[in-house]
Amino acid sequence: MKNGIQRQRSIQIVFLVCALALVLQAANLQIFDGSYARLADATAIEELTVYPPRGIIYDRNGERIVNNEATFDLMVTYNQVDQKKMNVTKFCDILGITEADFKKNITKDWRSGKFSKSVPFVFLKKISPEKNARFLESQYEFPGFFVQARSIRGYPFNAGAHVLGYINEVDPRDIERSQGKYETGDYIGAAGLESGYEDYLRGKKGVTNLLRDNLGRIVGRYKQGERDSAAIAGKDLVSSIDINLQAYGEKLMQNKTGSVVAIDPKTGQILAMISAPTYNPNLLVMTNERGQEFSRLLTDPLRYFFDRTVMAKYPPGSIFKTVVSLVGLQEGISNPNRGQSCPGGYFYGGRLYKCHNHPGVGDLTDALANSCNAYYFTEFRSIVDHYGYNNPHKGLDVFKDYCKQLGLGVKLGIDYPNENAGNVPGSAYYDKIYPKRLGGWHSPTIMSLGIGQGELQLTTLQMANLAACIANRGYWIAPHLIKEFKDGTPVPAYLEEKHQVSINRNNFEMVIEGMEQCVVRGTARIAQVPGISVCGKTGTSQNPHGDDHSVFFAFAPKDDPKIAIAVYVENAGWAASYAAPIAGLMIEKLLNDTIATDRLPIEERMVKADLTSKILANRAQEKIQAKLPKPKPDSLPDPARIPTEVPEGIKPSGTVSGTRPGKK
C-alpha cells in the first residue's frame, strides 16, 4: 500500500515537473523570446521602402535644370505569385499590357545574381496615376504585386545631357561596392553630375510598415507608424553651368563632333561643358522605353556616350605655342624682341617644314599673331637644347615640369567622372621610343611638340584651363561644376585652392599681347566681338585619318576676364573655319547677351554646318587604319601635312617639296 502511494506521488511529481517545464517554455516563447512574435507580425505586416526624392539641380542663375517627377513602379515578388490561380487576363487589361508582356516582365535570369525570386523587383516602370488607381482597387486579387511610389528625373531644358548625366538601376557590382548603401531596385547616378555628387543627391531611404488583412489589402499603418522612419531628401545643388550658354553652344555644335569647355577664370567654375554630338537628356529617364533608347545611342557610330570634354585626348595644335613662349621667356631662353624671316617654313636636314604665307615676324607678338611655325620650331629646339644638343633630356624635362604646373598632362581634379590626364611626353617617354642603341633622340626628333603636334595630347578641359591660367596671369583653380548647395553645405575645399605657376606675370602679359593681336590682326580675326577685347589663339591639329581638326582657345575681356573657352571641332579644317567663330559667338552671347546684327550670318553658318558625313567617313577610315601594321614612331611631322594657321580670306600655301624621314 505504502509502495503504491509512493509510486503515485512520483508520477504526480513527474507530471508537475513536465507541466512546469511546459509553462516556462511557453512563457519564454511569449514573453522573453520575440522571434515568434516577429514571425507572426511578418505574416500581417509588410515593410516597404520609402524612396527619397533626389536633390534638385539648378543652374548658376537659379533655373531648374534637373527636377523630380512623381511616378509609380509596379513591383513583384516572384515567389508570392501563383500564376495558375491568378487572373492574368484581368491583370493585363487593368495595366494595358499583353499577356506576352506579362510573361516577359515576370521572367528573369535568376542565375545572373541581379534578381532573386524572394526579393521584389520592378515589373512595370512608370505606370500612370489612372492605371495605379485602377490597380489598387483590385490589388487584393493579385498577391505578390504592389505599387512603389518613386520619383524620376526630368529635364526642363533639352541641353546638358553629358554634363548632367543620368541615373541607372543598381547592378550587383554597385550593390557589392556600396557596402550596404544600395539594394536591388535602387537608383544610382551613373554619369555626369548625377555620378559626381551621388552621395549628396541620393538622400536617405525610409521605411513604412503596413498592416494587411487576410485578403492582402492594406488596412492601415502598423502601431500608428512607431516602427516607421522618414525618407530624407537629397541635397539641392546649384551648379556652375549657365544653361542658356550651354544650350546656345550645343546649337552651334549640332551636326559636328568635338567639344567646348567655358570657365570663369576667377573661380574655376565651369560655365558650359559640351560634348558633341549630344542627345535629349529626357530620352534616358526611367521609363519602359529607356532600354531601347539607351541601346540605340550606345551602338550609334557617332559615339554619343563618349564624353569628349574630359575623355578625348587631342593634339592641341598651335594654341600650344603660348606654352612654348611662356617657358622660353621664364627660362631666359627666348628674346621677345627676336624677329625671324619665314620663307614658307622651317628648313632642317634639306627639308622644308611648311608655314602659311605671311610676312616675316618682328617679335614674339607677331609670331603669336601670325602663328609662325618656323619661329616655334626654333624656340622649342632652343628650350630643349638649353643644356646642350647632346643633353636634350634635361631641357625637355624642365619644359614638362612647367607644363605640369600649367595643368597639362595631369588630371585637374574636376568634380566629374572619367577625367583623362592626357600626355605631355618627357625624356623617359622618348628613351623608350628612341633607345640609345638605335641612335637616341635630339631636339629635331621631337620639334613637332613646339607646334602642338607629335605625341602631345590634351583634353579640351585642359585647354580651357590653360586659357584661364593665362587670363589670371599665372594661377588656376581646379575647374568644377558646383557653385553651392542650397542648404549651405560647404563645397569641397580643394575646389577653391589656387594653383600658382612659377612664371612671372610680365611674361604672361607678353603672351597675352600676342593673343590679343591674333584676334585683332592675325589668324583669329573672325573671333572678334564688338566692344570686347578678346585674346585668343588658333590651332589646326593634324589628323592622320582625314581632315584636320579645328582648334581655338581664348579669354575675354582682356583686363577683367569673365570667360575662358576652348573649342575643338573634329575634322573641320582650319581653326578660323569653325572653332574660332563658335568661341567668339559664345563669348559674345555670355558678355553681350545678344549677337550683333552683322555677325548673325556667322551664327547661321555655324548652326547650319553639317560635318556628319565627314565624321562617319573618318570613323570608317580609323577602323581601316587600326587593322594596318603600325609604322615606326616618328615625331617629325609630314612636311606636306603640317597644319598652318590661315587668317580668313587668305588661301593656304600649296604643298611644298620634301619628304618625311624614312619615306620617299
Side-chain angles (χ1 to χ4, degrees), residues 59-61 159 240-253 256 258-274 276 309 319 322 368-369 460-461 463-472 479 511-539 550-569 572 575-607 647-648:
D59 91 328
R60 67 187 299 106
N61 300 313
S240 61
I241 293 295
D242 182 324
I243 194 62
N244 293 316
L245 183 66
Q246 177 82 21
Y248 183 65
E250 290 184 11
K251 179 181 177 182
L252 297 174
M253 287 292 290
K256 304 171 187 67
S259 50
V260 180
V261 177
I263 301 173
D264 178 349
K266 296 175 183 175
T267 64
Q269 294 174 7
I270 295 174
L271 305 172
M273 193 168 177
I274 301 161
T309 61
I319 69 171
T322 57
L368 282 172
T460 309
L461 179 70
M463 298 178 206
N465 187 65
L466 174 62
C469 182
I470 296 173
N472 291 333
V511 168
I512 288 169
E513 178 64 24
M515 292 174 66
E516 182 182 36
Q517 291 304 309
C518 184
V519 178
V520 170
R521 60 181 173 86
T523 58
R525 295 197 302 273
I526 197 171
Q528 293 175 7
V529 176
I532 304 292
S533 56
V534 178
C535 302
K537 181 71 190 76
T538 51
S550 181
V551 194
F552 184 72
F553 82 156
F555 67 87
K558 176 184 178 182
D559 296 321
D560 184 21
K562 291 181 172 62
I563 180 173
I565 188 169
V567 180
Y568 208 105
V569 187
S577 299
Y578 291 98
I582 287 172
L585 289 167
M586 289 186 67
I587 291 171
E588 186 173 3
K589 184 72 171 177
L590 180 73
L591 300 181
N592 291 348
D593 195 44
T594 57
I595 304 302
T597 302
D598 62 346
R599 284 171 53 78
L600 290 177
I602 300 175
E603 179 188 65
E604 183 180 10
R605 180 164 62 87
M606 293 301 103
V607 171
E648 193 172 17

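We number each residue from 1, following the sequence as shown.
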* Structure fact -> Note: Ala471 and Pro561 closest approach over all heavy atoms is O-CG, 3.6 Å
* Asked: Are the side chain of Asp59 and the backbone N or O of Ile243 linked by a donor-acceptor pair below 3.5 Å?
  -> yes
* Spacing of CG belonging to Leu271 relative to CD1 belonging to Ile241, to within rounding of 0.5 Å -> 7.5 Å
* **Shortest non-hydrogen separation from Val551 to Ala575 and the atoms involved** => O-CB, 3.1 Å
* Residues Leu252, Tyr578; criterion side chain to side chain contact (heavy atoms under 4.5 Å, CB included); working and verdict -> CA-CA 10 Å; Leu252 297 174; Tyr578 291 98; over 6 Å; no
* To do: I would like to know whether Phe555 and Ile512 meet side chain to side chain contact (heavy atoms under 4.5 Å, CB included); could you show each step before the answer?
  => CA-CA 10 Å; Phe555 67 87; Ile512 288 169; 3.8 Å; yes
* To the nearest 0.5 Å, how far apart are CE in Met463 and CD1 in Ile319? -> 5.0 Å
* Does Asn472 use its side chain to pair, donor to acceptor, with the backbone of Pro265 at less than 3.5 Å? -> yes
* How close do Cys518 and Thr538 get, heavy atom to heavy atom, and via which atoms? -> SG-N, 4.2 Å
* Asked: Do NZ/NE/NH1/NH2 and the carboxylate oxygens of Glu513 and Lys558 come within less than 4.0 Å?
  -> yes
* Run the side chain to side chain contact (heavy atoms under 4.5 Å, CB included) check on Ser533 and Asp559 step by step: do they pass? -> CA-CA 8 Å; Ser533 56; Asp559 296 321; 5.6 Å; no
* Structure fact -> Residues Ala554 and Phe552: closest non-hydrogen pair is CB-CE2, 3.5 Å
* Structure fact -> All heavy atoms of Ala556 vs all of Ile532, minimum pair found to be CB-CG2, 3.8 Å
* Value rounded to 0.5 Å, distance of OH in Tyr248 from CE in Met253 -> 13.5 Å
* Structure fact -> All heavy atoms of Ser577 vs all of Pro581, minimum pair found to be O-CG, 3.6 Å
* Asked: Looking at CG of Asn465 and CD1 of Ile263, how far apart are the two atoms once the value is rounded to the nearest 0.5 Å?
  -> 5.0 Å
* Val261 side chain near Ile565 side chain, heavy-atom distance below 4.5 Å -> no
* Between CG of Leu466 and CG of Leu461, what distance do you get to the nearest 0.5 Å? -> 11.5 Å
* Hey, does the side chain of Gln246 reach the backbone of Met273 with a donor-acceptor pair shorter than 3.5 angstrom? -> yes
* To do: Taking the side chain as every heavy atom from C-beta outward, state whether Ile602 and Ile526 have any atom pair closer than 4.5 Å.
  => yes
* Asked: At what distance, to the nearest 0.5 angstrom, does NZ of Lys537 lie from CG of Leu368?
  -> 6.5 Å
* Asked: Does Val569 offer a backbone N or O that forms a donor-acceptor pair with the side chain of Ser550 under 3.5 Å?
  -> no
Side-chain atoms of residues 582-592: list all donor-acceptor pairs with protein atoms under 3.5 Å, sequence neighbours left out, distances to 0.1 Å.
| residue | atom | partner | partner atom | Å |
| --- | --- | --- | --- | --- |
| Glu588 | OE1 | Arg599 | NE | 2.4 |
| Glu588 | OE1 | Arg599 | NH2 | 3.3 |
| Glu588 | OE2 | Ala596 | N | 2.7 |
| Asn592 | ND2 | Pro530 | O | 3.4 |

